[in-house]
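Just below is one structure, and these are the notes that go with it.
None of these values were measured; they are calculated from a predicted model. One-based numbering, in listed order, for ligands and for the atoms of each.
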Amino acid sequence: MLFTHSCTACHKVQLIFPSQAHAVTATPAGPELTFTCWCGAEQRHLMRDGSASRGEVELIA
Ligand SMILES: [Zn+2]
């Protein structure tokens, strides 16, 4: 599962790989993925419709 994320630290739209993800947290808005950006900053990405299927999220968690 790949997705793009606009980093709040380096302000670049980065392509994020599953290997960068280290946590998935359930939030009222949906599953939130925590990962480390290429720049080294910890980022959070909300999994909205189309970002990932439930199965893909569980694969990471
Ligand atoms: Zn970054």
Side-chain (Trp38) to main-chain (Leu15) donor-acceptor, under 3.5 angstrom: yes
Phe35 side chain near His5 side chain, heavy-atom distance below 4.5 Å: yes
With a 4.5 Å cut-off on side-chain heavy atoms, are His22 and Thr34 touching? yes
Among the protein atoms near the Zn ion (ligand 1), how many are N, O or S and lie under 2.8 Å away? 4
Distance-only side-chain donor-acceptor flag, His45 / Glu32, under 3.5 Å: no
Rounded to the nearest 0.5 angstrom, the OG-NZ distance for Ser6 and Lys12 is 11.5 Å
Return the set of residues passing side-chain contact (heavy atoms from CB on, under 4.5 Å) with Ser19 (not counting sequence neighbours), or none when no residue passes. Phe17
